[in-house]
Amino acid sequence: MSAAVPTGQPHHVLPTVTTDPVVVAAIAADLDAAGFTVERVDALWGAEAAASLHRGTRVAALRALAARDTSPLTTLATLFVLGLPVARSDVERAFPTAGLDGVLAAGLLRTGDDGRVFPTVDLRPYAFVDDLGAGSWWIVSDLGELALGTALGEEHVLGIGGASTTLSGLQVPVRVRRVLDLGTGCGIQALHARRFADQVVATDISQRALDIARFNAALNGVDGIELRLGSLFEPVAGERFDRIVSNPPFVITPRREGVPSYEYRDGGMVGDALVE
Ligand SMILES: C[S@@+](CC[C@H](N)C(=O)[O-])C[C@H]1O[C@@H](n2cnc3c(N)ncnc32)[C@H](O)[C@@H]1O
């Protein structure tokens, strides 16, 4: 590996993630060609390293990667799953279709002062099985604390967590016309909902979440998801839905001076107000 040295992210930057259809299709083609799947990434560093990544340590994964040649798959996993910088030439090899400039323009990468290329988002494969069969997507979210080496920003967009997969597993697999996903975040519930709905409206108070959800839908070739900015039912006032799915913020932030108002938590509400 050319760059598997834990450096952390030098500073916290959140470029806008943009969804140019040509660039997004090119990125998807490169991820596909590299074999960026859950199975292949797990096999890259092995079950033990994968388990220790879940516990928030990447030492075992780095050790496993150090023993391997640099392939597009190791580059993608190092950048987007481990959140570490890699050499420019490695990124160019990993994105032959989109090109480094295309991925930079999409807001997924940035170049560091030392010439290396840093991830600006987390991007990882996700696999699932539902009543329609097995499926897989690539999901962009914001880099976690491990990659950033610092506390999360107030605009942080969460990736897929335990509560996300619990809710996605509870979505009713019965075909309906319209579903509302309230508080869509990276868009994972909306993507699942769309498999059983003609149309999905996904809302969030975070513009960054909507940008990322839009990118994820495009990256995975999923249409029919309409994204709307706003709090609770404001963006859908007067409309009716056959089903509503929501994984609302459930970690309550104390409203005290000096404590940030995280959008992915309660967006500034007090106590249990949001869930209420
Ligand atoms: C726990 S995340 C869930 C994300 C995603 N739906 C999932 O299942 O992983 C909660 C989301 O709700 C959003 N949110 C917070 N307050 C909100 C509000 N008042 N109205 C709509 N969305 C809100 C946050 O920005 C965040 O994206």
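Numbering of residues begins at 1 and proceeds along the displayed sequence. Counting starts at 1 for both ligands and their atoms, in listed order. Remember, predicted model here, so these are calculated numbers, not experimental data.
- For atom 9 (O) of ligand 1, the nearest non-hydrogen atom of the protein is Ser164 OG, 2.7 Å.
- At least one heavy atom of Leu232 sits less than 4.0 Å from an atom of ligand 1.
- Between Glu155 and Ser206, the closest side-chain pair of non-hydrogen atoms is not below 4.5 Å.
- Residue-ligand proximity: Ala163 is placed with every non-hydrogen atom at 4.0 Å or more from ligand 1.
- By the salt bridge (charged side-chain N to carboxylate O under 4.0 Å, His left out) test, Arg175 pairs with Asp198, sequence neighbours left out.
- Contact detail for Ile188 and Ile160: the closest heavy-atom pair is CD1-CD1, 3.6 Å.
- Of all the heavy atoms in Gly102 and Val23, the pair that sits closest is O-CG1, 3.4 Å.
- Protein heavy atom nearest atom 3 (C) of ligand 1, with residue, atom name and distance: Asn247 O, 3.2 Å.
- By the neighbour-count criterion of 12 heavy atoms within 6.0 Å, atom CD of Gln207 is densely surrounded, having more than that number from other residues, nucleotides or ligands.
- Checked by atom type, the side-chain pair Asp30/Thr97 shows a donor-acceptor distance below 3.5 Å.
- Any N or O atom pair closer than 3.5 Å counts here, and Asp181 shares no such pair with ligand 1.
- Ile205 CG1, 3.7 Å is the protein heavy atom nearest to atom 23 (C) of ligand 1.
- Nearest-residue assignment for atom 6 (N) of ligand 1 (options Gly183, Gly230, Ser206, Pro235; heavy-atom criterion): Gly183.
- Of the protein's non-hydrogen atoms, the one nearest atom 5 (C) of ligand 1 is Thr184 O, 3.3 Å.
- Looking only at protein heavy atoms, the nearest one to atom 24 (C) of ligand 1 is Glu263 O, 3.1 Å.
- Considering only non-hydrogen protein atoms, atom 26 (C) of ligand 1 sits nearest to Asp204 OD2, 3.6 Å.
- Distances below 4.0 Å separate heavy atoms of Leu182 from the following atoms of ligand 1: 21 (C).
- Those atoms of ligand 1 that come under 4.0 Å of a heavy atom in Ile188, given as number and element, are 7 (C), 8 (O), 9 (O).
- Counting heavy atoms under 4.0 Å from ligand 1, residue Leu167 does not touch it at all.
- Here CZ of Arg58 is found 4.0 Å from CG of Leu84. Values are rounded to the nearest 0.5 Å.
- Two different hydrophobic clusters hold Tyr126 and Ile27 under the rule that ILVMFWY side chains link at heavy-atom gaps under 4.5 Å.
- Here's the thing with Ser231: one of its N/O atoms is less than 3.5 angstrom from an N/O atom of ligand 1.
- Of the possible polar contacts, one joining the Ser52 side chain to the Ala49 backbone as a donor-acceptor pair under 3.5 Å is found.
- By the 4.5 Å heavy-atom criterion applied to side chains, Val236 and Val201 are counted as neighbours.
- Residue Leu158 approaches ligand 1 through these ligand atoms, each under 4.0 Å from one of its heavy atoms: 1 (C), 2 (S).
- Remark: ligand 1 atoms within the under-4.0 Å shell around heavy atoms of Leu274 are 16 (N), 17 (C), 18 (C), 19 (N).
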